[in-house]
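Note: hydrogens, waters and symmetry copies are ignored here, and every other heavy atom, side chains too, is used. In listed order, ligands and their atoms are each counted from 1. As the structure is a computational prediction, the values presented were derived from the model and not from experiment.
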Amino acid sequence: MNQSITLHSDVAQILLTEDEIATKVRELGARISSDYRDRPLTLVSVLKGSLPFMADLMRAIDIPVRIDLMEVSSYGGSSTESSGLVRILKDLSASIVGEDVLIVEDIIDTGLTLNYLIRYLRGKAPASLRICTLLDKPARRLVEIKLDYTGFTIPDQFVVGYGLDYGELYRNLRYVGVLRPEVYSGAPEG
Ligand code: PRP
Ligand code: 7HP
């Protein structure tokens, strides 16, 4: 089977094009550069989903930044529902005590992952802690969280691409699209 045809044909609808994403990332980068103009900033990317967003956002920021990476997981391998159980798979490499920290996420859905992360990172005594997310899906929120920088507010649909996965696939799509429900209906929850 031609893998490339399968990759794109599993997407029912393109929600955000490559150009729309690039324009938004530039806008966010400009705002962040202006807001942190005189303050050394540490970007903390939450892997794996935020990998493309982080890579593009950090290059859209024109002030000095440090970067660090965490990996957490709350969605099972082939699940469209958060397990609610957040696991830290990779912790920060350096101390953030007294640092201005910006968490970089791909999507906030129930908010459970971010809620956990905020508590965890606040415990590491940063000078400030703010949130930047490419996508916000407010319809499914279970915990209220203040987002400081939001790229796009999206409807309650399961999306893939630009880092976002289903069963670890589709992260390499250049756009964000809605996955055909038949791709995941019938898949075991995990
Ligand atoms: C995804 C996404 C967020 C989280 C959002 O991560 O990257 O971190 O889910 O969902 P929530 O608001 O309902 O908690 P996932 O656990 O799928 O890991 P991944 O980034 O490796 O895909
Ligand atoms: C996590 C997640 N991963 C991929 N697509 C979505 O719509 C998602 N919501 N929460």
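For ligand 1, the polar-atom distance check finds an N/O of Gly111 within less than 3.5 Å of one of the ligand's N/O atoms. Ligand 1 has a nitrogen or oxygen under 3.5 angstrom from a nitrogen or oxygen of Gly49. Close N/O approach between Glu71 and ligand 1 is not found [any backbone or side-chain N/O within under 3.5 Å]. At a 3.5 angstrom cut-off on N or O pairs, Phe158 does not count as close to ligand 2.
Residue-ligand proximity, Thr110 to ligand 1, at heavy-atom distances under 4.0 Å covers atoms 11 (P), 12 (O), 13 (O), 14 (O). For ligand 1, the atoms sitting less than 4.0 Å from at least one non-hydrogen atom of Lys48 are 19 (P), 20 (O), 21 (O), numbered in the order shown with element in parentheses. Using a 4.0 Å cut-off to heavy atoms of Asp165, the atoms of ligand 1 that qualify are 22 (O). Of all the atoms in ligand 2, the ones that sit under 4.0 Å from a non-hydrogen atom of Asp109 are 8 (C), 9 (N), 10 (N). Contact atoms of ligand 1 toward Ile107: 2 (C), 3 (C), 5 (C) (distance under 4.0 Å to a heavy atom of the residue). Remark: ligand 1 atoms within the under-4.0 Å shell around heavy atoms of Ser73 are 16 (O). Short contacts between ligand 1 and Val72, defined as distances under 4.0 Å to a heavy atom of the residue, involve ligand atoms 18 (O). Near Gln157, with a cut-off below 4.0 Å to any heavy atom, the atoms of ligand 2 are 7 (O).
Put simply, no part of Thr110 is less than 4.0 Å from ligand 2, judged by heavy atoms. The shortest heavy-atom distance from Arg171 to ligand 1 is under 4.0 Å. Within the structure, the closest approach of Val160 to ligand 2 does not fall below 4.0 Å when heavy atoms are considered. Within the 4.0 Å heavy-atom cutoff, Lys137 counts among the residues contacting ligand 2. Contact analysis leaves Leu142 out of contact with ligand 1, as no non-hydrogen atom separation drops below 4.0 angstrom.
At a 4.0 Å heavy-atom cut-off, ligand 2 touches Leu164 through the side chain alone. Of the heavy atoms in Arg140, none comes closer than 4.0 Å to ligand 1. Here Val86 has no heavy atoms under 4.0 Å from ligand 1, in either its backbone or its side chain. Looking at Leu47 against ligand 1, only its backbone comes within 4.0 Å, counting heavy atoms.
In this structure, the ring of His8 has its center no less than 6.0 angstrom from the ring center of Tyr170.
Residues forming a ring pair (Phe, Tyr, Trp, His ring centres under 6.0 Å) with Tyr149 (at least two apart in sequence, or on another chain): none.
Checked options Leu134, Asp136, Leu135, Val176; the residue passing with Ile154 is Leu135 (criterion: side chain to side chain contact (heavy atoms under 4.5 Å, CB included)).
Looking at Arg59, its side chain does come within 3.5 Å of a backbone N or O of Ala55 through a donor-acceptor pair. No donor-acceptor pair closer than 3.5 Å links the side chain of Asp148 to the backbone N or O of Arg130. Judged by distance alone, the side chain of Ser33 and the main-chain N or O of Gly29 form a donor-acceptor pair under 3.5 Å. Checked by atom type and distance alone, the side chain of Asp106 never pairs as donor or acceptor with a backbone atom of Gly163 at under 3.5 Å. For Lys90 (side chain) and Leu69 (main-chain N/O), a donor-acceptor pair under 3.5 Å exists by modelled atom type. Listed for the Arg180 side chain is a donor-acceptor partner under 3.5 Å among the backbone atoms of Ser9.
At least one side-chain heavy atom of Ile67 sits less than 4.5 Å from a side-chain heavy atom of Met54. The side-chain heavy atoms of Val160 and Phe158, taken from C-beta on, include a pair separated by under 4.5 Å.
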Note to self: Please determine whether side chain to side chain contact (heavy atoms under 4.5 Å, CB included) holds for the pair Tyr175 and Val11, giving the CA-CA distance in whole Å, both sets of side-chain angles, and the decisive distance to 0.1 Å.
What the structure shows: CA-CA 10 Å; Tyr175 52 83; Val11 174; 4.0 Å; yes

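With atom 14 (O) of ligand 1 as the reference point, the heavy atom nearest to it among Thr113, Leu164, Val143 is part of Thr113.
Distance check: Leu57 CG to Ile61 CD1 gives 4.0 Å after rounding to the nearest 0.5 Å.
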